[in-house]
Colleague: 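Pasting a structure here, questions to come.
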Amino acid sequence: MDRDQLLAELAALLGARNVLATAAEMAGYVRDWSGDNLADPLCVVRPGSTQEVAAVVRLAARAGIGLVPQGGNTGLVAGTCPTDGRDILLNMGRMRAIRAVDPLDMVLQVEAGVTVEEAQRAAEAQNLLFPLSFGAQGSAQIGGAIAVNAGGLNVLRYGMMRNLVLGLELVLPDGTVIDTLSALSKDNRGLALHQLFIGSEGALGIVTAASLRLSPRITRRQTALLAFADLQEIVTFAARARAHCSDLLSAFEFMPGAAIDLAIAHVPGLQAPFADRAAYYVLLEVAASGPVDLEALLMGLLEEALSDGPVLDGVVATSDRQRQDLWLLREAMVEAQAARGWHLRTDFSVPLSRVARLVDALQAVVAEHLPGWTPLAYGHMGDGNVHFNVLPPAGIAKAEFFAQSSTARARMYEVVRALDGSLSAEHGIGRERLAALHADRPAPLLALAQAVKTLLDPDGRMNPGCLFPAPSSEDGRR
């Protein structure tokens with residue numbers, strides 16, 4: 001089937017305005033959030049229903065064309081960036097229905113194109129909480145969050161996206177629609193097959209809808225920003241805070257002083273939190289949905305920590321505005337890095353006890369391989385997730401940036417592996433980390449994953465080159 005015939009058949013299925021084939025039409029879909037990766041699809045299609053997704057999948061199967069599912073395009077690892085000009089980019093943005101919200105069962109059923117923020121608002125309207133939360137939640141879609149098993153700020157208390165999914169509606173590579181949507185918290189009728197697709201990055205099938213677990217709406221919070229001199233002291237304090245606050249500790253973020261400096265320089269009017277700059281800061285939050293004295297709980301923790309010595313200084317938000325200002329420091333430091341342009345991004349996880357060792361070892365890598373670059377180690381301390389990013393000197397050219405950073409990145413992966421960590425805590429593998437994944441994982445595990453891929457997608461047409469190596473032309477895909 002030639003390109004013109006394929007486009008004509010797609011237009012017959014979806015309507016001409018939902019098939020985008022010129023460079024101008026596709027411009028808003030082909031560059032990822034980071035700006036580092038540019039896709040080159042054959043075309044972009046925008047189905048509006050599960051039936052239309054299935055019809056596109058069947059047509060692509062008949063034509064031997066690859067399919068790359070795309071959500072809000074907020075990924076950071078080129079997971080939705082095909083580059084060979086022969087794959088259909090299947091954007092889920094028109095599938096925006098909130099199908100049901102059940103306040104008694106505390107279940108939300110949504111289509112894949114619903115944004116994380118829209119899901120949050122739908123839950124809030126029923127006095128409930130959808131706890132997934134991260135910086136791109138206004139654009140990121142539920143289908144994409146499921147595809148990469150998203151994490152974010154509340155993992156410590158509520159778990160990853162995998163923990164929030166009760167069931168899925170899926171389209172398999174042959175166009176078959178599978179419905180496991182459910183309100184059941186317990187269901188042991190054999191294999192939980194929907195779990196196979198969470199974190200599969202669109203390489204096994206396309207998520208079209210999900211049943212999501214909700215929680216009671218948070219009615220009170222206590223938020224504090226604390227100053228520390230040493231990262232290992234933060235590791236020890238994190239364990240103490242979790243024991244003291246029990247399951248009410250919902251966030252525990254750590255940030256270096258250099259990242260706070262960057263945030264303050266980036267956002268006009270943003271103030272330094274303390275008179276004396278600290279090496280590291282912790283932003284923690286306790287939250288409850290019932291009549292719990294959170295102030296007494298948090299103050300008891302802080303009084304112990306201040307008397308023992310590891311906490312140098314601290315501030316507790318006394319209003320919602322002050323709370324927002326504290327969180328703005330966390331958000332602005334990420335925005336400030338993006339504003340600087342090219343920088344080396346990573347997404348590591350190690351056991352909590354090894355976080356300080358990881359950061360020390362990674363800083364040594366930067367000193368050896370990237371002298372003059374600025375390392376920033378921050379992240380979700382409560383679950384051992386460290387974003388170790390490195391900013392190059394101002395004005396560096398793209399080619400020079402990648403040439404200098406590639407060796408350092410490879411060495412960083414070796415450090416993480418030696419500490420029994422993961423090279424991807426929450427961002428996924430995509431295309432950027434595919435080679436690193438295959439160097440990282442044992443051969444039997446890779447073979448087992450490939451067997452599942454081959455069983456469900458024998459022609460390798462689902463997001464080819466993402467998470468799994470792309471098939472060669474001899475494998476049957478055009």
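Bear in mind that the values here come from a model prediction, so they are computed numbers and not experimental data. Values below: all heavy atoms of this structure, side chains included; hydrogens, waters and symmetry mates excluded.
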Colleague: Is there a side-chain contact between Val177 and Leu170 in this structure, where contact means two heavy atoms from C-beta onward sitting under 4.5 Å apart?
Modeller: no

Colleague: Can you tell me which residue pairs pass the salt bridge (Lys or Arg N to Asp or Glu O under 4.0 Å) test with a partner in residues 47-60, sequence neighbours excluded?
Modeller: Glu52-Arg94

Colleague: Between Glu432 and Asn37, does the side chain to side chain contact (heavy atoms under 4.5 Å, CB included) criterion hold? Intermediate values first, please.
Modeller: CA-CA 9 Å; Glu432 281 191 355; Asn37 301 297; 3.1 Å; yes

Colleague: Ignoring hydrogens and angles, tell me if any N or O in the side chain of Gln337 forms a donor-acceptor pair with the backbone of Met333 under 3.5 Å.
Modeller: yes

Colleague: Please determine whether side chain to side chain contact (heavy atoms under 4.5 Å, CB included) holds for the pair Ser422 and Phe348, giving the CA-CA distance in whole Å, both sets of side-chain angles, and the decisive distance to 0.1 Å.
Modeller: CA-CA 6 Å; Ser422 170; Phe348 301 136; over 6 Å; no

Colleague: Could you tell me if the side chain of Met381 sits less than 4.5 Å from the side chain of Val235, heavy atoms only?
Modeller: yes

Colleague: Looking at Arg242, I'd like to know if its CZ atom is crowded, meaning that more than 12 non-hydrogen atoms belonging to other residues, nucleotides or ligands lie closer than 6.0 Å.
Modeller: no

Colleague: Is the backbone N or O of Ala203 less than 3.5 Å from a side-chain atom of Lys453, with the two atoms forming a donor-acceptor pair by type?
Modeller: yes

Colleague: Find out whether Leu437 and Leu467 are in side-chain contact, i.e. whether some heavy atom of one side chain is under 4.5 Å from a heavy atom of the other.
Modeller: yes

Colleague: For Thr115, is there any backbone N or O sitting under 3.5 Å from a side-chain donor or acceptor partner on Glu118?
Modeller: yes

Colleague: Let me see the working for Asp102 and Gln126 under side-chain hydrogen bond (donor to acceptor under 3.5 Å, both in side chains), right down to the final yes or no.
Modeller: CA-CA 8 Å; Asp102 191 319; Gln126 298 295 326; over 6 Å; no

Colleague: Determine which pairs satisfy salt bridge (Lys or Arg N to Asp or Glu O under 4.0 Å) with at least one residue from residues 120-139, sequence neighbours left out, and list them in order.
Modeller: Glu117-Arg121

Colleague: Answer with yes or no whether the side chains of Trp327 and Glu253 bring together a donor and an acceptor at under 3.5 Å.
Modeller: no

Colleague: About how many Å separate CG of Leu168 and CD of Gln109, when rounded to the nearest 0.5 Å?
Modeller: 10.5 Å

Colleague: Check Arg96 with Glu111, please: is the shortest side-chain N to carboxylate O separation under 4.0 Å?
Modeller: no

Colleague: Between Asp440 and Leu423 (side chain of the first, backbone of the second, donor and acceptor by atom type, cut-off under 3.5 Å), is there such a pair?
Modeller: no

Colleague: Starting at CZ of Phe252, measure out to CD1 of Ile234 and round the result to the nearest 0.5 Å.
Modeller: 6.5 Å

Colleague: Is there a side-chain contact between Leu129 and Leu214 (heavy atoms, below 4.5 Å)?
Modeller: no

Colleague: Keeping Glu368 on the side-chain end and Ala364 on the backbone end, is there a donor-acceptor pair under 3.5 Å?
Modeller: no

Colleague: Mind running salt bridge (charged side-chain N to carboxylate O under 4.0 Å, His left out) on Glu414 and Arg411 for me, showing each step along the way?
Modeller: CA-CA 5 Å; Glu414 293 174 4; Arg411 181 71 187 100; 3.0 Å; yes

Colleague: Counting N and O atoms only, with roles assigned by atom type, does the side chain of Arg441 sit under 3.5 Å from a partner on the main chain of Leu446, one being a donor and the other an acceptor?
Modeller: no

Colleague: More than 12 foreign heavy atoms under 6.0 Å from CG of Leu445: is that the case here?
Modeller: yes

Colleague: Can you list every side-chain hydrogen bond (donor to acceptor under 3.5 Å, both in side chains) pair that touches residues 189-206, not counting sequence neighbours?
Modeller: Arg162-Gln195, Asp187-Arg189

Colleague: Distance from Leu10 atom CG to Leu20 atom CG, nearest 0.5 Å?
Modeller: 11.0 Å

Colleague: With distance as the sole test, does Ser182 use its side chain to make a donor-acceptor pair with the main-chain N or O of Leu184 at under 3.5 Å?
Modeller: yes

Colleague: Within this structure, what is the CG-CG distance for the pair Asn154 and Asp383, rounded to the nearest 0.5 Å?
Modeller: 10.5 Å

Colleague: Do Val57 and Asp174 have side-chain heavy atoms sitting under 4.5 Å apart?
Modeller: no

Colleague: Got a sec: does the CG of Asp247 have more than 12 other heavy atoms crowding it under 6.0 Å?
Modeller: no

Colleague: Hey, does Leu358 have a side-chain heavy atom less than 4.5 Å from the side chain of Val416?
Modeller: yes

Colleague: Before you tell me yes or no, could you show the steps for His343 and Thr374 under side chain to side chain contact (heavy atoms under 4.5 Å, CB included), namely the whole-Å CA-CA distance, both residues' side-chain angles and the distance that decides it to 0.1 Å?
Modeller: CA-CA 10 Å; His343 61 281; Thr374 304; over 6 Å; no

Colleague: Within the structure provided, determine whether Leu434 and Cys466 are in side-chain contact (heavy-atom separation under 4.5 Å).
Modeller: no

Colleague: Working to the nearest 0.5 angstrom, can you tell me the gap between Arg330 CZ and Phe254 CZ?
Modeller: 9.0 Å

Colleague: Would you please name every residue forming a salt bridge (charged side-chain N to carboxylate O under 4.0 Å, His left out) with Asp32, sequence neighbours left out?
Modeller: none

Colleague: Can you give me the closest heavy-atom contact between Pro173 and Ala61, atom names plus distance?
Modeller: O-CB, 4.2 Å

Colleague: Using side-chain hydrogen bond (donor to acceptor under 3.5 Å, both in side chains) as the criterion, list what pairs up with Asn18, not counting sequence neighbours.
Modeller: Arg46

Colleague: Between Asp2 (side chain only) and Gln5 (backbone N and O only), is there a donor and an acceptor less than 3.5 Å apart?
Modeller: yes

Colleague: Mind checking what makes salt bridge (charged side-chain N to carboxylate O under 4.0 Å, His left out) contact with Arg17, not counting sequence neighbours?
Modeller: none

Colleague: Would you please name every residue forming a salt bridge (charged side-chain N to carboxylate O under 4.0 Å, His left out) with Arg409, sequence neighbours left out?
Modeller: none

Colleague: To the nearest 0.5 Å, what is the distance between CZ on Arg461 and CD1 on Ile88?
Modeller: 9.0 Å

Colleague: Are the side chains of Val386 and Val359 in contact, using a 4.5 Å heavy-atom criterion?
Modeller: yes

Colleague: May I ask you to decide if Thr454's main-chain N or O and Asp457's side chain share a donor-acceptor pair within less than 3.5 Å?
Modeller: no

Colleague: Please identify each residue that fulfils side chain to side chain contact (heavy atoms under 4.5 Å, CB included) with Ala287, with sequence neighbours left out.
Modeller: Arg157, Ile218, Arg221, Ser250

Colleague: Can you tell me which residue pairs pass the salt bridge (Lys or Arg N to Asp or Glu O under 4.0 Å) test with a partner in residues 396-407, sequence neighbours excluded?
Modeller: none

Colleague: According to salt bridge (charged side-chain N to carboxylate O under 4.0 Å, His left out), who are the partners of Arg31, at least two apart in sequence or on a separate chain?
Modeller: none

Colleague: When Val171 is tested against each of Thr176, Ile178, Thr50 for side-chain contact (heavy atoms from CB on, under 4.5 Å), which residue passes?
Modeller: Thr50

Colleague: Passes side chain to side chain contact (heavy atoms under 4.5 Å, CB included), Val355 versus Val350? Steps please.
Modeller: CA-CA 6 Å; Val355 166; Val350 292; 3.9 Å; yes

Colleague: What pairs of residues pass the salt bridge (Lys or Arg N to Asp or Glu O under 4.0 Å) test when at least one of them lies in residues 336-355, not counting sequence neighbours?
Modeller: Asp36-Arg345, Asp347-Arg433, Arg354-Asp420

Colleague: Keeping Ser405 on the side-chain end and Phe401 on the backbone end, is there a donor-acceptor pair under 3.5 Å?
Modeller: yes

Colleague: Among all residues two or more places apart in sequence or in another chain, which pass the ring pair (Phe, Tyr, Trp, His ring centres under 6.0 Å) test with His387?
Modeller: Tyr378, His380, His427

Colleague: Looking only at heavy atoms, what is the nearest atom pair of Tyr280 and Pro256, with distance?
Modeller: CD2-CA, 3.7 Å

